[in-house]
Amino acid sequence: APGRTCLFGDHQDYLGLPVIACAIDRYINLTAEQNDTKTFVINMIDINEIRTIDIDASFEVLEPRDYFGSSLRVLRRYGCIPTVGYDITITGDIPINSGTSSSSALLMAWIRFLIKAFGVDNKVTPEFLSKIGYESEVLEHGEPGGMMDHFSIGVGNIVYINTKNPFSYKVIGTELKGLITGVSGVPKETIGLIGELKGNALIAIEIVKNNFPTFDLNASDIDDINRYKNCLPDRLIPYFEAALKNYHYTKLALKEFENPVLDLKKIGKLMNDHHAVLRDLLKITVPRIDNMINAALRAGAYGAKIVGSGGGGSIVVIAEPENENRVIEAILNAGAMEAYLVNVDPGVRIIQNIEI
């Protein structure tokens, strides 16, 4: 299962607003061999941890962030019933706690394995896999996140995700040249930060709707900021402004991705505009992230932004392909733990008899 990077729409999917994201060619690899113990023996090599799960465990009570358990519980509802045990080895090269979805990739690899091993009542499609991931990670645990990670990894490619009900998605590309990931080495903060930002944004939107009943966030445009913000207390204005601006930049980016030839300069400019909102209004960056982004732009990158929940993690950069190495070197010199070129990936999949 690949990692993912968010190109446009951070802190938007839990508001019912669209996201543009893509799977990238960094992976969680799960290999499994049947055993006769009636248990899943899960060896997570990269974190030096082994977990044993009885195949009949029902997980009526879930521990926080136990996605192995929650996905088993969810899949049982869809007719996926474990009948034999497996020895499982998990390795990967997605940096942990970096904003590129190592935990969701692990979950999606686990789900794909369980369905392959034990079957399911439903037709196995990328959308179904993504839905199971979202149910297992977000709904079962009552977490504040959205569905971007699961649909990016489950569907793969560059995907436009319309998170408003009725939900929809479409693949808008299979390749994006000059795509770079920079890993800060500063652990991101997920649950608490998303919960705070989501809560404030929803309060702000609700106040606006109470004062202006015809206001529709999904039909809003950037000019609505000045039209409606005066009804908000000062502390909530940035969250309302951020929602409308990020939505605006995502809509403009979608138009660019729908062109037959991508204009990397225009996409990069929109990426910079999006990052300014995340930095100045939602204030989710940290000094090392800012230094990495500034260094990338000084080295000639067209655009750069923080990825994910914030408080650390990674950046995504778009550069002219001929300038990639210079940009990567600049990011590393600015304090990044890692920086590397990434390619768009087709999504979670099974490879028989793989050697890792």
Chemist: Taking the side chain as every heavy atom from C-beta outward, state whether Arg65 and Ser103 have any pair of such atoms under 4.5 Å apart.
Modeler: yes
Chemist: With rounding to the nearest 0.5 angstrom, report the CD1 to CG distance, Ile153 to Asp345.
Modeler: 10.0 Å
Chemist: Determine, step by step, whether Arg4 and Val307 satisfy the side-chain contact (heavy atoms from CB on, under 4.5 Å) criterion, reporting the C-alpha distance in whole Å, the side-chain angles of both residues, the deciding distance to 0.1 Å, and the verdict.
Modeler: CA-CA 10 Å; Arg4 72 96 186 93; Val307 173; 3.5 Å; yes
Chemist: Could you pull out the closest heavy-atom pair between Thr83 and Phe118, with the gap in Å?
Modeler: N-CE2, 3.4 Å
Chemist: At their closest point, which heavy atom of Gly311 faces which heavy atom of Val186, and how far apart are they?
Modeler: O-CG1, 3.9 Å
Chemist: For Asn48, I'd like to know if atom CG has over 12 heavy atoms of other residues, nucleotides or ligands within 6.0 Å.
Modeler: no
Chemist: Keeping to residues at least two apart or across chains, list the ring-ring contact (aromatic ring centres under 6.0 Å, His included) pairs with something in residues 304-329.
Modeler: none
Chemist: Answer with yes or no after comparing the ring centroid distance for Tyr67 and Trp110 against a 6.0 Å cut-off, counting only values under it.
Modeler: no
Chemist: Any side-chain heavy atom of Ile222 sitting closer than 4.5 Å to one from Ile225?
Modeler: yes
Chemist: What verdict does the ring pair (Phe, Tyr, Trp, His ring centres under 6.0 Å) test give for Tyr160 and Phe151, after you've listed the backbone C-alpha separation in whole Å, the side-chain angles of each residue and the deciding distance to 0.1 Å?
Modeler: CA-CA 10 Å; Tyr160 174 82; Phe151 276 81; over 10 Å; no
Chemist: Considering non-hydrogen atoms only, spot the tightest contact between Ile207 and Pro233 and give its length.
Modeler: CD1-CD, 4.2 Å
Chemist: Any heavy-atom pair between the side chains of Leu254 and Ile172 that's under 4.5 Å?
Modeler: yes
Chemist: Under 4.0 Å between a Lys/Arg side-chain N and an Asp/Glu carboxylate O for Arg51 and Glu49?
Modeler: no
Chemist: Run the side-chain contact (heavy atoms from CB on, under 4.5 Å) test on Ile180 and Val316 for me, step by step, so that the C-alpha distance in whole Å, both residues' side-chain angles and the decisive distance to 0.1 Å come before the verdict.
Modeler: CA-CA 6 Å; Ile180 296 166; Val316 60; over 6 Å; no
Chemist: Ile111, Val155: one ILVMFWY side-chain cluster at the under-4.5 Å cut-off?
Modeler: no
Chemist: How about Glu63: does its CD atom have over 12 heavy atoms from other parts shown lying under 6.0 Å from it?
Modeler: no
Chemist: For the side chain of Arg26 and the backbone of Ile24, is there at least one donor-acceptor N/O pair under 3.5 Å apart?
Modeler: no
Chemist: Kindly list each side-chain donor-acceptor pair under 3.5 angstrom involving residues 6-21, sequence neighbours excluded, with atom names and distances?
Modeler:
unit_1	atom_1	unit_2	atom_2	d
Asp10	OD1	His274	NE2	3.3
Asp10	OD1	Lys305	NZ	2.6
Asp10	OD2	Gly308	N	2.8
His11	ND1	Tyr14	OH	2.7
His11	NE2	Ser309	O	3.0
Gln12	OE1	Tyr247	N	3.2
Asp13	OD2	Met147	N	3.1
Asp13	OD2	Met148	N	3.1

Chemist: Rounded at 0.5 Å granularity, tell me how far CD in Glu175 sits from CD1 in Ile158.
Modeler: 8.5 Å
Chemist: Would you say Asp234 has more than 12 foreign heavy atoms packed within less than 6.0 Å of its CG?
Modeler: no
Chemist: So which atom in Leu179 and which in Leu341 form the shortest heavy-atom distance, rounded to 0.1 Å?
Modeler: O-CD1, 3.1 Å
Chemist: How far apart are the C-alpha atoms of Asn246 and Leu278, what are their side-chain angles, what is the distance that settles it, and do they pass the side-chain contact (heavy atoms from CB on, under 4.5 Å) test?
Modeler: CA-CA 9 Å; Asn246 285 339; Leu278 300 172; 3.9 Å; yes
Chemist: Tell me, yes or no, whether the heavy-atom count around Glu329 atom CD, taken from other residues, nucleotides or ligands under 6.0 Å, exceeds 12.
Modeler: no
Chemist: With sequence neighbours excluded, tell me which residues meet ring-ring contact (aromatic ring centres under 6.0 Å, His included) with Tyr340.
Modeler: none
Chemist: Are Ile318 and Val183 linked, directly or through intermediate hydrophobic residues, by side-chain heavy-atom contacts shorter than 4.5 Å (ILVMFWY only)?
Modeler: yes
Chemist: Is the closest side-chain heavy-atom distance between Ile315 and Ile289 below 4.5 Å?
Modeler: yes
Chemist: Do any N or O atoms from the side chain of Asn157 and from the backbone of Val159 form a donor-acceptor pair under 3.5 angstrom?
Modeler: no
Chemist: Should Lys251 and Glu256 count as an ion pair when the cut-off is N to O under 4.0 Å?
Modeler: no
Chemist: Salt bridge check, Lys245 against Glu241: does any charged N sit closer than 4.0 Å to a carboxylate O?
Modeler: yes
Chemist: Counting only heavy atoms not in Lys266, do more than 12 fall under 6.0 Å of its NZ?
Modeler: no
Chemist: Which atoms form the tightest heavy-atom contact between Gly69 and Leu62, and what is the distance?
Modeler: C-CD2, 3.7 Å
Chemist: Report yes or no: do Ile88 and Leu75 belong to one cluster of Ile/Leu/Val/Met/Phe/Trp/Tyr joined by side chain heavy-atom distances under 4.5 Å?
Modeler: yes
Chemist: Are any of the side-chain heavy atoms of Val41 and Ile53 separated by less than 4.5 Å?
Modeler: no
Chemist: Do Arg227 and Asp223 meet the salt-bridge criterion of a basic N to acidic O distance under 4.0 Å?
Modeler: no
Chemist: Any salt bridge linking Glu140 with Arg73? Criterion: basic side-chain nitrogen under 4.0 Å from a carboxylate oxygen.
Modeler: yes
Chemist: Using only heavy-atom distances, determine whether the side chains of Asp290 and Thr285 contain a donor-acceptor pair under 3.5 Å.
Modeler: yes
Chemist: Do the side chains of Val342 and Thr100 get nearer than 4.5 Å, heavy atoms only?
Modeler: no
Chemist: Check the orientation of Phe113 and Tyr86. Use parallel for under 30°, tilted for 30 to 60°, and perpendicular for over 60°.
Modeler: perpendicular
Chemist: Between Tyr228 and Phe215, does the ring centroid distance fall short of 6.0 Å?
Modeler: yes
Chemist: Can you tell me how far OG1 of Thr250 sits from CD1 of Ile161, rounded to the nearest 0.5 angstrom?
Modeler: 11.5 Å
Chemist: Where is the tightest heavy-atom contact between Gly156 and Val171, given as atom of each residue plus distance?
Modeler: O-CG2, 4.4 Å
Chemist: Report the distance from atom CD of Glu206 to atom CG of Leu232, rounding to the nearest 0.5 Å.
Modeler: 11.5 Å
Chemist: Consider only side-chain heavy atoms of I, L, V, M, F, W and Y, link residues closer than 4.5 Å, and tell whether Phe240 and Ile284 are in one cluster.
Modeler: yes
Chemist: Side chains of Arg76 and Tyr78: donor-acceptor distance under 3.5 Å anywhere?
Modeler: no
Chemist: Ile90 versus Asn29: any side-chain heavy-atom pair under 4.5 Å?
Modeler: no
Chemist: Less than 3.5 Å apart, any donor N or O on the side chain of Asp149 or Ser101 sitting next to an acceptor on the other?
Modeler: yes
Chemist: Linking I/L/V/M/F/W/Y whenever their side-chain heavy atoms sit closer than 4.5 Å, directly or via other members, would Tyr169 and Val124 fall into one cluster?
Modeler: no
Chemist: List the steps, then state whether salt bridge (Lys or Arg N to Asp or Glu O under 4.0 Å) holds for Arg326 with Glu324.
Modeler: CA-CA 6 Å; Arg326 181 183 174 194; Glu324 293 161 350; over 6 Å; no
Chemist: Report yes if some heavy atom in the side chain of Leu107 is under 4.5 Å from a heavy atom in the side chain of His150; otherwise report no.
Modeler: yes
Chemist: When you look at Arg235 and Asn200, which way does the side-chain contact (heavy atoms from CB on, under 4.5 Å) test go after all the steps?
Modeler: CA-CA 9 Å; Arg235 76 171 190 88; Asn200 286 330; 3.3 Å; yes
Chemist: Compute whether any side-chain donor of one residue and acceptor of the other, for Ser184 and Arg288, lie under 3.5 angstrom apart.
Modeler: no
Chemist: Please check if the number of heavy atoms outside Lys198 that lie under 6.0 Å from its NZ is greater than 12.
Modeler: yes
